[in-house]
Asks: 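Quick one: the structure is below, and I'll ask about it shortly.
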Amino acid sequence: MRKWLLCLLALAACAPVWRRPQVALMDVRISGGTLFQQKLRLQLRVTNPNALDIGVESLVFDVLVGDSQFASGRSSAPVTIPKRGEGLVDVDADAQVLGLLRRLPELTGRDGKLHYRLKGEAQIKGYGRTPFDQPGELDVSKLLGAAAKPAPAGSGERIGF
């Protein structure tokens, strides 16, 4: 009995340790919408720290600025992230830019940046739901410049990071 227990412990020690993938916001493009509701195209970077490829089946997320939800979205297009590598995932999101612009002075930090959090969960094949919560910042001057001019048709206007 003792030998079996030692064998099981030895096998468990050899099993790879699962670590959560990291999800970060890399790019934002305005892709359409109205004055009150904008459509955004976000590019997320998913970093896999594991020794095995992972399959990201879906992402559900919110972009929070201060105590308010600025944007939310989801992706259901599966993507494989290579072991100890990263991949870029394009996702659509709905945002309320007008509400953000109204509160911009109170939300802007002393550094002139708009600090946000990308919060959500990734559905990982074989592992289930994995939460993520990643802080970041936007350059306010680029945000205002992008909001002030319409994007050329089909190109999407980039909002700087």
Asks: Distance check, rounded to the nearest 0.5 Å: Leu138 atom CG versus His115 atom NE2?
Replies: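 It comes to 10.0 Å.
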Asks: Calculate, to the nearest 0.5 Å, the distance between atoms CG and CZ belonging to Asp27 and Arg45 respectively.
Replies: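 The CG atom of Asp27 sits 12.5 Å away from the CZ atom of Arg45.
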Asks: Between Asp139 and Lys113, what is the shortest heavy-atom contact and its length?
Replies: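 Closest approach of Asp139 to Lys113, heavy atoms only: CA-CD, 4.2 Å.
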Asks: Determine the minimum heavy-atom distance between Val89 and Ser75, stating which atoms define it.
Replies: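 Residues Val89 and Ser75, closest heavy atoms: CG1-OG, 4.1 Å.
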Asks: Hey, is the main chain of Arg19 close enough, under 3.5 Å, to the side chain of Asn50 for a donor-acceptor pair?
Replies: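 Yes, because the side chain of Asn50 sits within donor-acceptor range (under 3.5 Å) of the backbone of Arg19.
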Asks: Do Gln134 and Leu25 have side chains that approach each other closer than 4.5 Å (heavy atoms only, starting at C-beta)?
Replies: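 SC-SC contact between Gln134 and Leu25 ruled out.
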Asks: Say you draw a straight line from CZ of Arg129 to CD of Glu57; how long is it, rounded to the nearest 0.5 Å?
Replies: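 Answer for the CZ-CD pair, Arg129 versus Glu57, is 11.5 Å.
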Asks: Are Leu59 and Leu64 co-members of a hydrophobic cluster defined by side-chain heavy atoms under 4.5 Å apart?
Replies: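 Leu64 and Leu59: separate clusters.
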Asks: Identify the two heavy atoms, one from Gln69 and one from Gln96, that lie closest to each other, and give their separation to 0.1 Å.
Replies: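 Reported closest heavy-atom pair: O-OE1, 4.2 Å.
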Asks: Side-chain contact, heavy-atom cut-off 4.5 Å: Pro131 with Arg20?
Replies: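 Touching, per the 4.5 Å side-chain cut-off.
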Asks: Give a yes or no on whether the backbone of Lys119 and the side-chain of Asp62 come within a donor-acceptor separation of less than 3.5 Å.
Replies: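 No: the side chain of Asp62 does not pair with the backbone of Lys119.
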Asks: Any idea which heavy atoms bring Thr34 and Gln38 closest together, and the distance?
Replies: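 In this case the closest contact between Thr34 and Gln38 is O-NE2, 2.5 Å.
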Asks: Any chance you could measure Lys83, atom NZ, to Ile81, atom CD1, to the nearest 0.5 Å?
Replies: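 With rounding to 0.5 Å, NZ (Lys83) is 15.0 Å from CD1 (Ile81).
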Asks: Are Ile124 and Pro21 side-chain neighbours, meaning at least one heavy-atom pair lies under 4.5 Å?
Replies: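 With C-beta onward as the side chain, the pair touches.
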Asks: Cluster question for you: counting only ILVMFWY and a side-chain heavy-atom cut-off of under 4.5 Å, with indirect links fine, are Val60 and Val23 together?
Replies: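 No, Val60 does not connect to Val23 through the hydrophobic network.
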Asks: Is there a side chain to side chain contact (heavy atoms under 4.5 Å, CB included) between Phe70 and Leu114 once you walk through the steps?
Replies: CA-CA 12 Å; Phe70 164 63; Leu114 186 66; over 6 Å; no
Asks: Hey, quick one: are Val79 and Leu44 part of the same hydrophobic cluster, counting side-chain heavy atoms closer than 4.5 Å, chains of contacts allowed?
Replies: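 In one cluster with Val79: Leu44, yes.
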Asks: Ignoring hydrogens, what is the shortest heavy-atom contact between Tyr116 and Leu118? Give both atom names and the distance.
Replies: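 That closest heavy-atom pairing would be CD1-N, 4.0 Å.
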Asks: Can you list the steps and then say if Trp18 with Ile54 is a side chain to side chain contact (heavy atoms under 4.5 Å, CB included)?
Replies: CA-CA 10 Å; Trp18 166 255; Ile54 60 169; 3.6 Å; yes
Asks: Which value, rounded to the nearest 0.5 Å, describes the distance between Leu52 atom CG and Arg84 atom CZ?
Replies: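 One gets 8.5 Å once the value is rounded to the nearest 0.5 Å.
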Asks: Give the minimum heavy-atom separation between Ala122 and Phe132, together with the two atoms involved.
Replies: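 Residues Ala122 and Phe132, closest heavy atoms: N-CE2, 3.8 Å.
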Asks: Take atom CZ in Arg103; do more than 12 heavy atoms of anything else shown fall under 6.0 Å from it?
Replies: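 Yes, because the 6.0 Å sphere around CZ of Arg103 holds more than 12 heavy atoms from other groups.
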Asks: Give the C-alpha distance, both sets of side-chain angles, the deciding distance and a yes or no for side chain to side chain contact (heavy atoms under 4.5 Å, CB included) between Ile30 and Leu40.
Replies: CA-CA 5 Å; Ile30 298 173; Leu40 302 177; 3.9 Å; yes
Asks: Using the salt bridge (Lys or Arg N to Asp or Glu O under 4.0 Å) rule, take Lys39 and Asp92 through it: C-alpha gap first, then chi angles, then the decisive distance, then the call.
Replies: CA-CA 7 Å; Lys39 299 288 184 186; Asp92 293 317; over 6 Å; no
